[in-house]
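From a predicted model like this one, the values you see are computed outputs, not experimental measurements.
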Amino acid sequence: MSKREVPFRRPSADEQTVLGQMQIKLLVRPNDIEKCDRILVEHHYLHSAQLVGEQLRYAVVWRGQWLAVAAWSAPALHLKARDAFIGWTEAQRRERLPLVVNNSRLYVLPESHYPNLVSRFMKLMLGRLSADWQSVWQHPVALAESFVDPNLYRGTAYKVSGWSQLGQTRGWKRSAVDFYEPHGVPKQVWIRELVKNACVKLRAAELPVAWASALRPARPRCTAKVKEIESLMVRLGRDVPEFRRPQALAYPLQGMLVLIAMAMFSGVSRGYEDLADYAATLSQPQLRALRFRQDPHTRRVRCPERTTFARVLEGVDAELLQRVLLLWQEQVLGPVQDRWVIIDGKEIRHADVESLSAVSGSGRWLGSTRVPEGSNEIPAGRQQLAQLDLVDKIVLADAAHTQVAQAKQILYDQGGEYLLTVKKNQKDLFTTLETLLADRRFSPSAHAAHPGADARAQPEPPRDPDAGLSGRFTAAGGLPRGADHRAAPTPGAAPGQANHRNGLLDQQPHAGSDGCGGLPQAQTRLLGH
């Protein structure tokens, strides 16, 4: 269809009166919105008023008569010309896309084709668009986009209103998640900044404070390459046997487990629905790498739904899967280098499941143990530590794990060291450690001839060699008793100093709550080795 040539003419006196008195109206009442949509369906060349995402509608009104209507909605998810014009990263695009708005419909009623009407309408809308968006959707907008069919229109109204043409689309439309089909009508892409330097601000490391409310958490996406997927597929396919019937293998077990692992790496943690949403973001090459089957009708690889994830996770051998994943992790990352082993228990929301995990100082996962129902994380901590090599490692844990058996296991059974927290509600142990930290001379006391001797001080009784970190106190939350591991004082050392092989003490008193009725507490950390 060829473009209709419209001869240039100036507005008449009556038309100039209309242009000077016309007003624009934000349509918020249901009747007005319905009227606008009816006009678009009946008269707009697309014959559709369907909008996506956040949206606003405007009308030009003169003496109660509607002259033109316009609709704004959420922007295109992917638009190569626009994204290159802004210069933002893929992650920024996903988070900041709500700051872009699309002029999805613009129509002048047949009896209202006055010269300059559209440009004036556009100017008035752009002047208030961000404020109206803030009022309705609680965040501003910074950039506007629109598409113009070059077979029908020239885009003159956009050009005179300060818009910039970036080129043309490729002639494809999105008809499903990750599925596009050609429509054969490439359209012009027009862009306009609504604030000065909008593109610079959109691609900046940090957004202006006023725009932060528009940020949306980026939906986790699979960014793994096909070769990375295949390396884990080989390991899981070899070591984890299939437990389902052959008739139910549209999604092979190793592919499902790889998909779940990648989802966990990407931060997906809210259950089967989130896993299904994550699976929907995979591309066709990624789905083929997982060896999922094609739909015989569309010839496209299908992605699993919620029920498939539920069956796999309920039936797989969790301990075997954990061992395989740890071996694969070591194959990819190499042996763990740092000395820290940090253990902590967490309850999984909405699942009534508690687990204890061990990680390295760099955050690398070392394994997890499920806490049995009716138990607590202390036995689970011992079970998890028993699976690790603790030689020359330092175990860091909170006060729940400051137990005799725990310390014995780390120190004596597994050859490690520990940094445990002691709270004031562990009364006997806390008092003992406070005594050890007191500033006092070691027995025997210095004699009167020594320069550091205090003639007024009473001689102290000989110290019990079994008292101390490995001594005879038997508090329930105490540290292990046993032989005295303290080294003899170094020859030539000043009185009051001694080397201790059994620990480095660091008392850090502070106010706080220990979780038991808000009692005041202090912390003493013990590095035992």
(Q) For Trp365 and Leu326: C-alpha separation, side-chain torsions, deciding distance, then whether side-chain contact (heavy atoms from CB on, under 4.5 Å) applies. (A) CA-CA 8 Å; Trp365 176 59; Leu326 288 171; 3.6 Å; yes
Q. Nearest heavy-atom pair of Ile378 and Gln406: which atoms, and what distance?
A. O-OE1, 3.8 Å
Q.
Go through it in stages, so that I can follow the logic: the residues are Thr369 and Gln384, the test is side-chain hydrogen bond (donor to acceptor under 3.5 Å, both in side chains), and I'd like the CA-CA distance, side-chain angles, deciding distance and then a yes or no.
A. CA-CA 6 Å; Thr369 299; Gln384 181 58 53; 2.7 Å; yes
Q.
Rounded at 0.5 Å granularity, tell me how far CZ in Arg302 sits from CZ in Arg293.
A. 8.0 Å
Q) Does the side-chain contact (heavy atoms from CB on, under 4.5 Å) test come out yes or no for Ser360 and Val341, once each step is laid out? A) CA-CA 5 Å; Ser360 69; Val341 175; over 6 Å; no
Q. How close do Phe292 and Pro304 get, heavy atom to heavy atom, and via which atoms?
A. CE1-CD, 3.6 Å
Q. With a 6.0 Å cut-off on ring centres, are Tyr272 and Phe309 close enough?
A. no
Q: Verify side-chain contact (heavy atoms from CB on, under 4.5 Å) between Val195 and Leu143, making sure each step is shown before the conclusion.
A: CA-CA 8 Å; Val195 297; Leu143 189 77; over 6 Å; no
(Q) To check you understand the geometry: which heavy-atom pair defines the closest contact between Gln286 and Thr281, and what is its length? (A) OE1-O, 4.4 Å
Q: State whether the side chain of Arg203 and the backbone N or O of Ile86 hold a donor-acceptor pair below 3.5 Å, judged by distance alone.
A: yes
Q) What heavy-atom pair brings Ser130 and Pro140 nearest, and what distance separates the two atoms? A) OG-CB, 3.3 Å
Q. Below 4.0 angstrom, N of the basic side chain to O of the carboxylate: do Glu242 and Arg244 qualify?
A. yes
Q. More than 12 foreign heavy atoms under 6.0 Å from CD of Glu330: is that the case here?
A. yes
Q: Determine the minimum heavy-atom distance between Trp133 and Glu54, stating which atoms define it.
A: NE1-OE1, 3.2 Å
Q) What are the two closest non-hydrogen atoms of Pro379 and Ser375, and how far apart are they? A) CG-OG, 3.8 Å
Q. Can we say Lys346 and Glu377 salt-bridge, meaning some charged N sits less than 4.0 Å from an Asp/Glu carboxylate O?
A. no
Q: Could you tell me which residues satisfy side-chain hydrogen bond (donor to acceptor under 3.5 Å, both in side chains) with Arg299, sequence neighbours excluded, listed by chain and number?
A: Gln294
Q. Hey, is the main chain of Gly53 close enough, under 3.5 Å, to the side chain of Gln55 for a donor-acceptor pair?
A. yes
**Q.** Spacing of Asp239 atom CG and Asp317 atom CG [to the nearest 0.5 Å]
**A.** 12.0 Å
Q: Compare all side-chain heavy atoms of Leu97 with those of Arg93 and state whether any distance is below 4.5 angstrom.
A: yes
Q: Walk me through it: do Trp72 and Asn102 pass the test side-chain hydrogen bond (donor to acceptor under 3.5 Å, both in side chains)?
A: CA-CA 5 Å; Trp72 300 80; Asn102 185 283; over 6 Å; no
